[in-house]
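This report concerns only the one structure given below.
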Amino acid sequence: MAFGKGCHLHLIDGSAFIFRAYHALPPLTRKSDGLPIGAVSGFCNMLWKYIEDAKGSDAPTHAAVIFDKGSHTFRNDLYDLYKANREEMPEELRPQIPLTREATKAFNIACEEMAGYEADDIIATLARQAREAGGRVTIISSDKDLMQLVGGGVEMFDAMKNRAIGPEEVEAKFGVGPERVIDVQALAGDSVDNIPGAPGIGVKTAALLINEYGDLETLLARAGEIKQPKRRQTLIEKADQIRLSKQLVTLDEQTPLEFTLDDLELREPEPEQLMEFLNQMEFRTLTRRVAEKFGVEPPPVIETVAAPAASSSSATKEPEPETEQVPFDPDSYVCIRDAEELAKWLDEARAKGWVAVDTETTSLDEMKAEFVGVSLSIEPGKAAYIPLGHTSGEGDLFGGAERVEGQMDLEEALSLLKPVLEDDAILKIGQNMKYDFKIFARHGIRVAPIDDTMLMSYAMFSGLHGHGMDALSDRYLNHQPIPIKELIGSGKSQITFDKVDIAKATRYAAEDADITLRLWQMFKPRLHREQVTTVYETLERPLVPVLADMEMAGVKVETAVLSRMSNAFAQKMAQLEDEIGKIAGQPFNVGSPKQLGEILFDQMGVEGGKKGKTGAYGTGADVLEDVTTMEDTNPEAAKLAARVLDWRQISKLKSTYTDALQTHVNAETGRVHTSYVISGANTGRLASTDPNLQNIPVRSEEGRRIREAFVAGPGMKIVSLDYSQIELRILAHVADLPEMREAFKEGLDIHAATASEMFDVPLEKMTPEIRRQAKAINFGVIYGISGFGLARNLRIPRAEAQGFIDRYFERFPGIRKYMDDTVAFAKEHKFVQTLFGRKIHTPDIVSKGPAAGFAKRAAINAPIQGAAADIIRRAMVRMPAAIEGLPATMLLQVHDELIFEVEEKAVDKLIDAARATMEGSAEPSVKLSVPLVVDAGQGASWAAAH
DNA sequence: AACTTCACG
DNA sequence: GACGTACGTGAAGTTC
């Protein structure tokens, strides 16, 4: 039926329905997999009720549900702060948005949206068209922004209050008729949508003014006549802002729609289609109601395996894929070679609200990597690869290799990808997203929002297995991906990805995106079941952009300083080698523990045993140190050991630091860019690689000088802030040690205070030796103390060490309870937890033999080390906002320390802001019973800042 | 690739 | 009664 006179169009504001449903209902989840489903449930119930209610005498002939699409509209182009203070869409809600589209279609109601326009604009346009065609319109919404449309056959209906909104109701709200609503809104502004309006003028005053002058333009033209000086001044000065506001609140009645009113003709739901959807969502009640209504049998209820309340994770292979899995088919993957095809895929991503993304590049180093291709996946089995930088031939000094035909232009592809990658209504899913984030960031694209399957795995399964894609695919999808080696080879003959044939690359790269999407679909609901959603969302995921920015910033390193040190070290080493050769009676490779062992123990007759599976002599520093004490029995060996120790120290500094660091200086930036592995340590700590900047020497005077090469740029300073004794403070809190808590509150030297408590020595009579022993015990406790270990560390008899430990437990009874409770918890659950909910799995806790001992100590240590890691992660996530506007950059993290580069004049401000953020970062999640204290230092170099 | 050693918190 | 033991990392060099 063509739309015309006598027709009645119902327009449902879909977004309003969704939000109302979301906020009205408790957070329901789908039973079979834990998918959040509350908003969809509410949405369906509202639609059903609407259909039932709409059947009276005034029934609609045409109807549509209108949705917003994306968040960027033409209004953002007019005013970049439009809706800028909108809160992020709740995490639980995001995956439900596409489902509400599906629900609408299942109800057989037209479902419309339009990129670049708000739902309100589509509603305005349809209302105008219907009005002009002589029909009537009812807008199902109570949104005040739609009230400008009321009149001339258009009215609104508030479904919650069950009342119509006509011209009288609009006038009651705005003080003017519908035709002047936008004038009032332009003046009054709107804090929700961040429309500025005229400062100091609200709806009441606006209506007064409009009623007096007739309309907005007249008012602005005659603003000079206004008596109140403040009001007059505002209207004159802010006229532009008010006109802009009017533009923003005015709905676009000329939205270019791709459908007509006739397409919206109301249809009865198809019972089967509808029930299949409802059943899939596992809405039992509604499914039954619908079945009754249509007089058909409800479909069989989906068998659900109730999710266990506690964690169900185990070290064994998961039998997860219960439902039929779409088979992997590399031949089905699409190779995207032109803009039309890419646009098609991106539209599907928009419709779904998510897309898995993976990049292929020429290097593992994100700071050097060039784009070779991008792969996308929208649903399991459906993936595509966009080749962008494949080359052939060798290339030479004068020209790059030849570009392979049939590839999109990189810039063109990126310009199409950018709006999707930055659209906050489209979730970008990746495996190790920090890598892809950095590649895109270097091309001016900030990917957001994101999900990362590697980090999901880390949050759920830390301690159980690795989180690389191959391992996850094998374990959870029972699928072995194409090994990268098959494409690029290995070792010396390895090639870069751009040299890979496009057809092969498509099969490999698209598969990665496919796997990532499948893993995500499996992991997302499981985060809830494992109760680590908050950990993932507050401690893992938000770290991705923060770390990416730190890594991209890099730290300035003076190669000249390092080079000078290298030369000095080389000289010293040669000298020592010479001496060592003379003592040994023959030259040998000092760097070879095997040769050294044979010379020391076989030729020079030092008493000492073999160890290790290989049967080689142990020649570690502790062994050699023992040998140096044999001046009386074997003076030659003692001397040799001492020289070797010196040589080893210098060799280490040279090869690992002064030499290697220089090779890591990026040619373009002149700085060193480390890479942090978020899932690197089981406890929640980060790991730093390529190069590792978390183990730059500091303990020895010689080594510490390497930090002099880590410098600030001109006019800048290096600032270092570190948590003081954070692990002991956490121990004092979690193990409930009142004496230690008090010591921290009083700001005492904690090791001295411990010594005083243990050995009954007053603080003023403390000796360095007693304090040293107490310090060793304090650390021992954190590591899961044993008499043997403490004895070795302090080089005292085992019985004496055990005596210390007994005494410690006696004085701090909370310690023993903490240890016992933690181990018992680990045995029961096979994991331990930090204060912030991070889980660290300890499957070996039940094994027999030495592994059990390791697992036990790891279980004792993990909640402490892990909580400290959580605390600094929280600080890092908050840091960008905390130091916003300051000329400062966060550069490095070293477990309990954050390092910044700051303009000299802002050093004090930076320290204040960063310290406050760090000291307060446990809150509000955890209120510690001990204060967190942060020490700060500054200087031209890292050495000076420490 | 495994092992040893040693740098850091 | 014996066995092995501090917790968490990454990199370089040697050996197999």
Side-chain angles (χ1 to χ4, degrees), chain A residues 462-463 490-491 588-597 611-624 644-645 647-661 663-664 674-677 679-700 702-704 706-707 722-728 731 776-794 798 801 805 832 840 842 848-866 868-869 872 892-897 946:
Chain A
S462 185
S490 65
F588 70 101
N589 184 352
V590 186
S592 163
K594 187 166 174 267
Q595 292 178 33
L596 174 65
K611 68 166 189 186
K613 304 141 208 160
T614 56
Y617 291 112
T619 66
D622 49 348
V623 176
L624 295 186
V644 170
L645 282 171
W647 182 91
R648 284 225 182 125
Q649 195 203 354
I650 295 166
S651 166
K652 179 78 175 181
L653 294 178
K654 181 171 187 293
S655 67
T656 309
Y657 300 104
T658 55
D659 286 352
L661 267 177
T663 71
H664 282 285
T674 184
S675 185
Y676 291 100
V677 192
S679 54
N682 288 339
T683 52
R685 275 196 180 175
L686 302 177
S688 161
T689 66
D690 306 304
N692 181 357
L693 295 185
Q694 290 182 322
N695 70 345
I696 302 302
V698 69
R699 290 173 188 170
S700 76
E702 289 252 81
R704 187 156 49 229
I706 289 169
R707 295 186 175 217
D722 68 290
Y723 285 105
S724 163
Q725 304 293 357
I726 188 168
E727 293 193 357
L728 277 178
L731 177 71
I777 302 168
N778 274 335
F779 280 109
V781 166
I782 291 173
Y783 298 149
I785 199 160
S786 76
F788 181 93
L790 182 65
R792 198 174 59 175
N793 192 280
L794 284 177
R798 209 177 141 170
I805 293 169
V832 292
I840 298 105
T842 57
K848 300 270 173 239
F854 279 114
K856 210 168 129 178
R857 290 190 297 275
I860 291 166
N861 173 259
I864 300 166
Q865 186 180 119
I872 197 165
L892 301 174
Q893 187 250 43
V894 192
H895 308 308
D896 64 357
E897 174 187 16
H946 218 276

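Chain naming here is simple, since letters A, B, ... match the order of the sequence lines and numbering starts at 1 in each. Everything numeric here is computed off the predicted structure, so don't read it as measured data.
- In this structure, A/V677 reaches neither bases nor backbone, as no heavy-atom distance under 4.0 Å exists between it and the strands shown.
- Following rounding to the nearest Å, A/D622 (CG) and C/dA6 (C1') show an atom-to-atom distance of 13 Å.
- The shortest distance between side-chain heavy atoms of A/T619 and A/R648 falls below 4.5 Å.
- Look at the P atom in both C/dT5 and B/dT4: the space between them is 12 Å, to the nearest Å.
- Computed from coordinates, the A/W647 CH2 to B/dC6 P distance equals 10 Å when rounded to whole Å.
- Checked by atom type and distance alone, the side chain of A/T683 never pairs as donor or acceptor with a backbone atom of A/A862 at under 3.5 Å.
- Within 4.0 Å of A/F779, counting heavy atoms only, lies no atom of the nucleic acid at all.
- Between A/I864 atom CD1 and C/dA6 atom P the separation is 18 Å, expressed in whole Å.
- Nearest to the side-chain atoms of A/P697 among the listed nucleotides B/dC8, C/dA6, C/dT5 stands B/dC8.
- The distance from atom CG of A/L645 to atom CD1 of A/I650, rounded to the nearest 0.5 Å, is 11.0 Å.
- Distances shorter than 4.0 Å separate some side-chain N or O of A/R648 from OP1 or OP2 on B/dC6.
- Using a 4.0 Å heavy-atom criterion, one finds that A/A868 contacts no nucleic acid atom at all.
- The side chain of A/R857 contributes an N or O atom lying less than 4.0 Å from OP1 or OP2 of C/dC7.
- Between the C1' atom of B/dC8 and the CG atom of A/L661 lies a distance of 13 Å, rounded to the nearest Å.
- Sequence neighbours left out, the pairs with a member in residues 776-791 of chain A that pass side chain to side chain donor-acceptor pair (under 3.5 Å) are A/H751-A/N778, A/T754-A/N778, A/N778-A/Y808.
- Distance CG (A/L731) to C1' (C/dG8): 16 Å, rounded to an integer number of Å.
- Look at CG on A/L728: it is 13 Å from C1' on B/dG9, rounded to the nearest Å.
- For A/R699, a side-chain nitrogen or oxygen approaches OP1 or OP2 of B/dG9 to under 4.0 Å.
- The closest side-chain heavy-atom distance from A/V590 to A/L596 is not below 4.5 Å.
- Using a 4.0 Å heavy-atom distance criterion, A/A801 is classed as making no nucleic acid contact.
- In this structure, A/R857 has no side chain to side chain donor-acceptor pair (under 3.5 Å) partners at least two apart in sequence or on a different chain.
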At under 4.0 Å between heavy atoms, how does the protein contact nucleotides 11-16 of chain C? Give one character per nucleotide, 5' to 3', with B, S or -. BSSSSS
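- Counting any heavy atom pair closer than 4.0 Å across all strands shown, A/N793 reaches a base atom.
- C/dC3 sits 27 Å from B/dC6 when the P atoms are compared, rounded to a whole Å.
- Within the 3.5 Å criterion, the main-chain N or O of A/Y676 finds no donor-acceptor partner in the side chain of A/S688.
- Atom CD of A/Q893 is separated from atom C1' of B/dC8 by 12 Å (rounded to the nearest Å).
- Of all nucleotides listed (B/dT5, C/dT9, B/dG9), B/dT5 comes nearest to the side chain of A/T619.
- A/S651 contributes no side-chain N or O that, together with a main-chain N or O of A/W647, makes up a donor-acceptor pair within less than 3.5 Å.
- A/G853 comes within 4.0 angstrom of nothing in the nucleic acid, heavy atoms only.
- A/R798 comes within 4.0 angstrom of a nucleotide base, judged by non-hydrogen atoms across all strands.
- Which of C/dG8, C/dT5, B/dA7 sits closest to the side chain of A/Y657 comes down to B/dA7.
- Phosphate contact (OP1/OP2 of C/dA6, side-chain N/O of A/R792, threshold under 4.0 Å): present.
- With sequence neighbours excluded, the residues forming a side-chain contact (heavy atoms from CB on, under 4.5 Å) with A/Q595 are A/F588, A/N589, A/S592, listed by chain and number.
- As rounded to whole Å, 23 Å separates atom P of B/dT4 from atom CD of A/Q649.
- Across all strands shown, A/I785 has heavy atoms under 4.0 Å from base atoms, whether or not it also approaches the sugar-phosphate.
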For DNA chain C, what is the dot-bracket line, given that a base pair needs Watson-Crick (N1 to N3, plus N6-O4 or O6-N4) or G-U wobble (N1-O2 and O6-N3) geometry with both distances under 3.5 Å, and | means paired with another strand? ......|||||||||.
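- Atom CD of A/E897 is separated from atom CD1 of A/I726 by 12.5 Å, given to the nearest 0.5 angstrom.
- Remark: A/A801 engages A/L790, A/A791, A/I796 in a side-chain contact (heavy atoms from CB on, under 4.5 Å) (not counting sequence neighbours).
- For the P atoms, the distance from C/dA6 to B/dT5 is 14 Å, rounded to whole Å.
- Residue-level contact check: A/G618 touches the backbone only, with heavy atoms under 4.0 Å from sugar-phosphate atoms and none from bases.
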